Asker: 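This is the structure I have questions about; it appears just below.
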Amino acid sequence: MLDLFILAPLACLILINLPPVGSRRLALPLAMVLAGVQAIAVLCLPYMPRLDGPLTSFFNFGLQITPLGRMLLLAVGLVAFVSLLVGQASLGQDRRLWQFASMMLLAITGMNGAVLVSDLFSLYVFMEVLAVCSFILIAFNRDPLALEGAFKYVILSAVASVLMLGSLSLMLLVAGSTGFAALKAALAAGSASPLLKLAMAGFVCGLFIKGGLAPFHAWLPGAYSSAPAAVSVLLAGVGTKVSGLYALLRLAMDVLPPSAALGQAVMVVGAFSMVVGAVAALVQKDIKRLLAYSSISQMGYVVLAAGCFLADAGSADWRLVAAGELAMAGAIFHLFNHSVFKSLLFVNSAAVERQAGTTDMQLLGGLGSRMPVTGATSVIAALSTAGVPPLAGFWSKLVIILALWQSGMQAYALLAVAVSVATLGYLLLMQRRVFFGRTAPNLQGVREGSEGYVVAELILATVTVLVGLAFPLLMHLGSFLLPANLNL
Amino acid sequence: MSANVLDIALTVLLVAAAVWTVSTARMLRSVIGLAATSALLTAILFRLDSPLAAVFELSVCAGLIPAILVSAVGLTARMDDDALARRKRAKLKVFALLPVILAAAAWALVRLNVPLDFALPAAQGPGATVQTTLWNLRQADLVGQIAVLLAAAFGVVVLLKGKSQ
Amino acid sequence: MSPNLLLLAILVPAAAGVLALLMRGRAGAVSGPWALLATAANLGLGIFLFDKQADLNLPWAGFGLQFVLRLYQFSGFIVLATACFGLLVALYSIRFMAGRANRNQFYGWMLLSLAMVNGAVLANHLVVLLFFWEGLLGTLFAMIAIGRPGAWRTATKAFIIIGISDVCMMLGMALAGWQAHTLIISDIHLPLTTSVCTAAFVLLMIGAISKGGSMPFHSWIPDAAVDAPLPFMAFLPASLEKLLGIYWLARISLDLFELTPDAWVSPLMMIVGAATILLAVSMALVQKDYKRLLAYHAISQVGYMVLGIGTAVPLGIVGGLFHMLNNAIYKSGLFLTGGAVEHATGTTDLKQLGGLGRRMPVTFACFFILAASISGVPWTNGFFSKELIYDGALARHWIFYAAALLGSVLTAASFLKLGHAAYLGKPAENSDVKFDQVREAPPSMLLPIVILAAACLVFGLGNALPIDHLIAPAFAGTHFAAAEHGAAEHFAGWPESSMLVLMTCLALAAAIINHLLGAKRAGSGLGAVDHIHHAPGLAQIYDAAGKRYFDPYDIGMALAKVASRILWLIDRLIDGVVAGLTSGTARGAGYAVSAAHTGSYALYVVWSILGAAAVAAYMLMH
Amino acid sequence: MTPQAALIFGTFAVGAVLVLIVGFYSLLSTRNLIRSIIALEVLTKSVTLLIILAGYTTAQQALAQSLAITLIVIEVAVMVVGVGLVLRIHSQTGSIDTNTVENIKG
């Protein structure tokens, strides 16, 4: 069954490229159906009696699904669907749509693969599939800034690969295998060895680059802001989350030994990203760039929580361990929430870009009355990002902050609260500049975006509101949301 | 001992080829340097009992990649030399630092008494060959390879086909 | 009674509010009656719940969070009171908001606010309380933002100011929860002896008084008065938030912590209260706008409540709570008269008004009663609550009493001015208002005003009713009641000390004399003092006086103006430092970070390598 | 690890690290976009060597070789896309100087 998550997109790709059947017009709808089916299939997964099917006996991918993975697969399906919707609304001709759909299918393959594999090297391989697709998608429109953004991503991503593979070879030396289980045992046994410490630090730093955590982040604002609208949605929503953050959380839970030093280092990076992203976002003039920095800041929360988990996991005090697990639950939840509300914000910016012709906030204003759905959903997303109750973002931040507090890391908790306030500040500033105030004369004729944008916005806004309202319910369906080994 | 002399010689040559690759002024020479580095790496891979990887490295990295790079250099020919070359010339000296770095690192390792020895894991059975490993244990990687090659192929179409906007 | 009924108090207004928000466009016409219906239902619930006890405990959100509500005398009383105001404001707004584009939003947010207030009042768990407390912040923001076109700015200002104080409150809750080892409010009983507990108290107090609108967290209120729809002022800052803020202040002083006169937070609260009274009232004195003037009084009156509770003696606390109720009544009533005037004339600028008393007799009569009440004229409810507070303050130190009394003088003076300027005298010249077309407000607007004015008299003449049945039960069961004052009858009835009454009367007289003198000098001064006017030597002086060179009233006013101006500057300075310094630093840092991104990928690679090296070095060293 | 194995490991590990340094130096100092791609290639050489070396040292050549082969395939893909980007940049700006990719700032 799980193999289908990797094979189905590839099969679709072949289908839309076959000469007889390959009507290019069907490419994008087919990809959308696939993404939608994936989102629904993931929701059904917990209720499937057995996950192995006829394919499993033939293929041997060694796939594993964890609750974290389910969360990510769901996000991938959802965001890919939305991204394809936006792509359809913004890209125009059939040929481009077909190319876009093909690249998206490959990107979905890469993301699903990265989420499902249980081998460090395979994880790297699928991350690289996603990365190559991302380079191409960013440069999809071939405008100069996009080429520049993509090129920097190529360079930084290659540096990340070098760090990760170098570390991987050190781990291979000790573990003799790259499977998660073998690595976990070997790393736990030799966690005092300087070589392994170096390996862990190197690998984690590679993931930091891929995930765009400060100070490893500098490629990210350029890539997000120069990419075509639909691609920004995908990248910000799930792309960099799968390749950097998901891997970090998965490794923290399934591979890395509990280590206070690693945890502390990870937390410092997380806190630094939180602050740097928020501070830089305060002064941005372009919506997409502001959102990119905001992404960095929000990922800081996730990494901070992951670091808290790593730092607490080895403690002898069960309360600390429980607090660490709570932090991990918060990190996972925040990752998902962020996927939803940040893609929503990017869809909003895409609609604004399409209708008003610019994302420069100095040229915008008063669009709320002209584009009511975009304006309203954007407010929802912004409030959720800033963690205003009862939206989804509030709960995940609350969980993270509670966990930090319980772990005795009050300073980090306070910092997280303060950054939350700053987040609210810059997002409200953005709202004010774009959607409120007086409509500039040249924007008088602006109308709401086409159905693609509106539907995408409504889907994501509904999810973020529903997740917020149904949070208690979700917590009780813990098996879906949270890893089984986290007992709350 | 003679084996080790060979090892050291190969290593030194590898590093030298890499230095030449990055420090030569002309782009074509640089590409040739990269091919030479790959060839030396191939030799080292043979030395390390990894013939399949070595052959792969030789055909792809010493063959295909330089070919692509040479055509790229050809397409951007006017750019490579003069202005950029002049800036590069002085930089060869920097690589004199490499032995210094090496010595410093060795000193630090000894001085800090970093334990480099570690227990090795049990080797797999002698039956494991590259083919069986790749096919039986690393199918996911194979799928990934297919996907990444497809992506690159599409990338060429998307990026290079047709005129720019 | 099933405890689950408590949920209705939150769910009914919330659901009604969400529905009202959905009534867009033409359906908006239904939103007014709908809101009336919903608030009436809410009032019914409030009456039903009053004087009952119930505890609701639902599991919520995992990790030990529980959704705990608790109904007892005090919370029942506040729920009932807010429900009353909700109904009155809804009734009033139907006419006032009629035809406005976003009225459905107004009603929607209003009902949601009611739901939030009910939730916050009933909450018995700090996190639950925080949830509703912050929710109220959201609805407040929305209600200001739907006002005039520029209201967004004010809304943001309010949001930031209250947000900051709410962060303080959050910290306070964390500290209190940590100290008490529980987040269940009714299980928290902390002595104010350790510094941590005191810090928690101060932080929670900041949250409470800022919700109540006390200084220094007040500066959004006068702005909101101008920008937001008028019923909003009557509804949120004047009644709901005061009730909630002071309720919470009383809870933390009486239940959560054991506030005693020895604790140094008691004088702190009294100083905050006294300063709020004096500063706000002296600013109110110079306002030229009906709504702004009232808004500054809305701030000033909180001072009395904070002062009363801060005295930490039973007299003062009961007075503070009684004053909370009274203030909600007369202040929302006053705001509603302002709305009636705005409805009739289209403006609230006092320079354009005058002589409305003849055209709007009922409004004027009600204004008279309400103004008498806020000024503390005997036999009104404001009189009795102020006397209690005076008594409490005098028990601590005469300086607080003096400040409160001076505040009363200025309050009375400013209301004399307001009444005179708006309702008496002749219609202003050069006014845009067409006075011959001014009509009394429609009955649906008058009715709430009349009810509120009547309530002032009823609660004044029969002050035993609210004190014994509403306030005293809330007071029972606390450490005060146990100590010495068991019987509640002690507080009701005519003030015991005739000296205090005398002083109050003197103060009122001083205000009236001041006003008469001033009005006379300001006005024509015709007839009565002609002979002195034309006396040799004095004529020039009076001539100058005619030109208002040394009119005592004007000089006093000018001085007061200067003082107010200085105070206003200080006020803005605080505003600027708080808002400017933090945002300035953040901006500076933002530009620095932004400038560091030069676009060179080599630099970015260097950052990454250095970052990796730092992480690796840290790992190797540990 | 036997002394003999340690010696082989040490020699090539030092070589790999030196190649890594050379690659990073080139990446940081070059002003030619194609050369920066070449620098990435050099870095990948170093990594390939490290992986094979790890496999040799632990007598797991089969595993290490399959990893290295996958790695080389990925390397080609990344390089092709990178070169494609550079060619596109060249066709738009007429230059492959690194300052053509320093326009996104702030």
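Residue numbering restarts at 1 for every chain, and letters A, B, ... go by the order of the sequence lines. Since we're looking at a predicted model, the values are computed, not measured. Excluded from the calculations below are hydrogen atoms, water molecules and symmetry mates; all remaining heavy atoms, backbone and side chain alike, are included.
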Asker: Between B:Val148, B:Leu159, B:Val158, B:Leu150, which residue shows the highest count of heavy-atom pairs closer than 4.5 Å to chain A?
Answerer: B:Val158
Asker: So which part of A:Phe140 gets closer than 4.5 Å to some heavy atom of chain B, the side chain, the backbone, both or neither?
Answerer: both
Asker: Is it the backbone or the side chain of A:Leu13 that comes under 4.5 Å from a heavy atom of chain B, or both, or neither?
Answerer: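 When you check distances to chain B, only side chain atoms of A:Leu13 fall under 4.5 Å.
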Asker: What part of A:Val125 gets closer than 4.5 Å to chain B, counting heavy atoms only: side chain, backbone, both or neither?
Answerer: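 It is the side chain, since no backbone atom gets that close.
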Asker: Take A:Leu234 and A:Met111, measure what side-chain contact (heavy atoms from CB on, under 4.5 Å) needs, and give me the verdict at the end.
Answerer: CA-CA 11 Å; A:Leu234 182 80; A:Met111 289 189 281; 3.9 Å; yes
Asker: Going by atom types only, do A:Asn112 and A:Gln38 share a side-chain donor-acceptor pair under 3.5 Å?
Answerer: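 Yes.
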Asker: If you round to the nearest 0.5 Å, how far is CG of A:Leu116 from CZ of A:Phe126?
Answerer: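 If I round to the nearest 0.5 Å, the distance is 9.0 Å.
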Asker: Indicate whether the side chain of A:Glu353 and that of A:Thr358 have a donor and an acceptor atom separated by less than 3.5 Å.
Answerer: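 Side chains of A:Glu353 and A:Thr358: no pair found under 3.5 Å.
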